[in-house]
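Counting begins at 1 with the first residue of the sequence. We count ligands from 1, going down the list as the structure has it; atoms in each ligand are counted the same way. Values in this document were obtained by computation on a predicted structure and should not be read as measured data.
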Amino acid sequence: MEVAPLSCPGSPDAAPCGLLCLPPVRRKALLLFAMLFLCLYLFYAGSCASLHPGVLLQGPEDSKGRAGLLARLLLLRPPLEVPQDRTPSPEPPDEADYPEPREPGPLSSFYNGAGSRKLPQALIIGVKKGGTRALLEFLRVHPDIRAVGAEPHFFDRNYDKGFSWYRDLMPRTLDGQITMEKTPSYFVTKEAPARISAMAKDAKLIVVVRDPVTRAISDYTQTLSKRPDIPTFENLTFKNRTTGLIDTSWSAIQIGIYAKHLENWLQYFPMNQILFVSGERLITDPSGELGRVQDFLGLKRIITDKHFYFNKTKGFPCLKKAEGSSKPHCLGKTKGRTHPNIDQEVVQRLREFYRPFNLKFYQMTGHNFGWD
Ligand SMILES: Nc1ncnc2c1ncn2[C@@H]1O[C@H](COP(=O)(O)OS(=O)(=O)O)[C@@H](OP(=O)(O)O)[C@H]1O
């Protein structure tokens with residue numbers, strides 16, 4: 001059978017011919033552009049939405065990263081901000097490096113739409129400045145864990161928004177995958193244990209704990225970085241410096257009284273549903289701590305020492321490959337700040353203050369964290 005040759009306008013036997021009428025070079029360029037457009041869309045709206053948002057959409061430290069910008073320009077989609085009603089309440093400023101992934105578009109749902117959003121089965125509930133971000137970022141490497149990047153603050157600030165608001169923040173998971181979130185303020189929120197128990201009595205809770213004195217200094221360092229005019233750590237520590245009376249109403253001090261907060265949780269959860277991760281060991285032996293966490297979550301030990309390297313410049317362990325990326329990944333510059341020098345007498349006084357609470361905490365957890 002003979003096939004009639006395609007022709008172009010202007011030729012004697014003109015018939016519609018579309019793309020084929022273009023000169024071959026232009027045709028190729030157009031095809032290439034269309035493919036690039038499609039690839040970028042799938043990459044950006046599909047897989048990127050499920051990745052650590054800082055890695056690909058924005059780059060860990062750069063909220064106007066090239067990939068995100070290019071994708072936004074090409075796709076003419078709205079800027080990265082999520083709609084108001086889906087945005088968790090104001091984040092602790094440190095978490096700005098880890099914004100919420102955008103709601104996936106229709107094409108990415110097709111591409112990435114398997115599974116469904118579920119309420120979390122496991123939560124990192126604390127403690128602030130304990131190393132919670134490091135733990136979450138490390139856990140996200142596990143193929144059976146899907147975690148929301150930003151802190152939802154549902155059980156403290158956003159509870160009135162309801163469970164469907166909360167569920168919609170979660171990434172999609174397949175059967176057998178665990179949905180997780182981290183909000184360190186839950187540990188010190190009076191209402192949080194009852195509320196989490198109402199969601200799931202069998203929820204698994206993880207608390208990253210760190211020497212309460214260093215934790216308090218870290219907390220203060222964070223505040224100081226945002227508000228350089230605050231009083232000194234030494235001044236804030238005491239109600240009365242002469243008598244040495246500690247100001248336990250200062251949150252930087254209060255958060256570290258772990259035994260007191262834990263009592264509240266034990267009213268609603270048995271001890272075997274709570275795992276305590278050492279913030280110190282998370283730095284010196286990340287794979288060891290990650291091994292315990294994977295066991296606790298009932299997961300295969302997939303994250304091992306092969307996943308980490310020690311970055312001398314950062315002074316912390318980093319991931320050889322971040323979730324969904326082939327590049328090494330350290331936490332952002334808001335993690336691992338240099339602490340100001342604190343008067344050693346004050347540090348000593350704080351150690352004395354915390355000692356009985358620490359001992360009580362060791363008893364309750366059956367684990368000596370070695371802070372004393
Ligand atoms: N791998 C790695 N990289 C960087 N930082 C690490 C890491 N592991 C633990 N840490 C420690 O985490 C501290 C911050 O704790 P959080 O992530 O819980 O802080 S926050 O409450 O979410 O703001 C942070 O505290 P500071 O050193 O005081 O900044 C770190 O000491």
Side-chain angles (χ1 to χ4, degrees), residues 52 54-55 60-61 88-100 123-141 147-153 156-157 180-189 205-226 233 251-252 254-256 258 261 276-290 292-293 303 305 307-323 328-342 347 369 371:
H52 179 306
V55 174
E61 300 292 343
S89 292
E91 294 299 308
D94 267 15
E95 293 298 306
D97 283 347
Y98 304 94
E100 192 54 35
L123 300 95
I124 300 174
I125 57 170
V127 299
K128 184 183 178 194
K129 306 318 291 179
T132 54
R133 176 56 60 185
L135 179 62
L136 190 76
E137 292 307 298
F138 296 165
L139 279 173
R140 290 174 101 181
V141 170
V148 57
E151 296 176 3
H153 280 276
D156 55 349
R157 299 182 199 152
M180 287 192 75
E181 71 120 315
K182 82 115 178 162
T183 305
S185 49
Y186 291 162
F187 189 62
V188 297
T189 300
L205 310 174
I206 301 173
V207 195
V208 189
V209 284
R210 178 183 187 185
D211 176 352
V213 180
T214 337
R215 198 220 66 80
I217 299 171
S218 171
D219 203 333
Y220 172 79
T221 310
Q222 175 179 322
T223 314
L224 190 67
S225 72
K226 314 289 164 201
F233 181 88
S251 69
Q254 247 228 353
I255 293 171
Y258 303 143
H261 304 298
F276 298 90
V277 171
S278 158
E280 285 81 15
R281 290 187 67 80
L282 195 58
I283 296 169
T284 55
D285 179 18
S287 57
E289 284 307 280
L290 265 289
R292 295 179 58 236
V293 179
I303 308 164
D305 51 354
H307 287 84
F308 302 98
Y309 75 100
F310 188 83
N311 184 308
K312 278 193 197 148
T313 318
K314 177 80 184 163
F316 284 93
C318 299
L319 285 168
K320 282 185 190 163
K321 290 176 189 180
E323 182 207 9
H329 175 62
C330 292
L331 297 194
K333 58 181 179 294
T334 60
K335 309 293 175 187
R337 291 187 178 101
T338 308
H339 295 176
N341 283 327
I342 306 297
V347 170
F369 289 89
W371 302 317

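Under 4.0 Å from ligand 1, heavy atoms of Thr132 appear from its side chain as well as its backbone.
Ion pairing of Glu280 with Arg210 is absent here, as no side-chain N (NZ or NE/NH1/NH2) approaches a carboxylate O to less than 4.0 Å. The pair Asp211-Arg215 fails the salt-bridge criterion, with no side-chain N (NZ, NE, NH1 or NH2) lying under 4.0 Å from an Asp/Glu carboxylate O.
Across the listed options Gly126, Gly131, Gly336, Gly131 owns the non-hydrogen atom lying nearest to atom 15 (O) of ligand 1. One option in Lys182, Lys129, Arg281 has a heavy atom closer to atom 22 (O) of ligand 1 than any other, and that option is Lys182. For the residues Lys333, Arg337, Arg210, the heavy atom positioned nearest atom 25 (O) of ligand 1 is part of Arg210.
With hydrogens and angles disregarded, a donor-acceptor distance shorter than 3.5 Å links the side chain of Arg140 to the backbone of Ala147. Checked by atom type and distance alone, the side chain of Glu181 never pairs as donor or acceptor with a backbone atom of Glu151 at under 3.5 Å. A donor-acceptor distance shorter than 3.5 angstrom exists from the side chain of His261 to the backbone of Gln254, with no hydrogens or angles considered. For Tyr309 (side chain) and Lys320 (main-chain N/O), no donor-acceptor pair under 3.5 Å exists by modelled atom type.
Those atoms of ligand 1 with a heavy atom of His339 less than 4.0 angstrom away are 26 (P), 27 (O), 28 (O). Listed by atom number, the atoms of ligand 1 under 4.0 Å from Gln222 heavy atoms are 23 (O). Atoms of ligand 1 lying under 4.0 Å from at least one heavy atom of Glu151, given by number and element, are 22 (O). Which parts of ligand 1 touch Phe138 is read off a 4.0 Å heavy-atom cut-off, strictly below it: atoms 1 (N). Residue Ser218 approaches ligand 1 through these ligand atoms, each under 4.0 Å from one of its heavy atoms: 25 (O), 26 (P), 28 (O).
Considering both main-chain and side-chain atoms, Arg133 comes within under 3.5 Å of ligand 1 through a nitrogen or oxygen pair. Considering backbone and side-chain atoms alike, Gly130 places an N or O below 3.5 Å from some N or O of ligand 1.
Distances shorter than 4.0 angstrom do not occur between any heavy atom of Glu137 and any atom of ligand 1. Within the structure, ligand 1 has Ile283 among the residues with a heavy atom less than 4.0 angstrom away.
Taking a 6.0 Å sphere around NZ of Lys321, one finds it holds 12 or fewer heavy atoms contributed by other residues, nucleotides or ligands. Other residues, nucleotides and ligands contribute at most 12 non-hydrogen atoms within 6.0 Å of the CZ atom of Arg281.
Using a 3.5 Å distance cut-off with no hydrogens or angles, the side chains of Ser185 and His153 do pair a donor with an acceptor.
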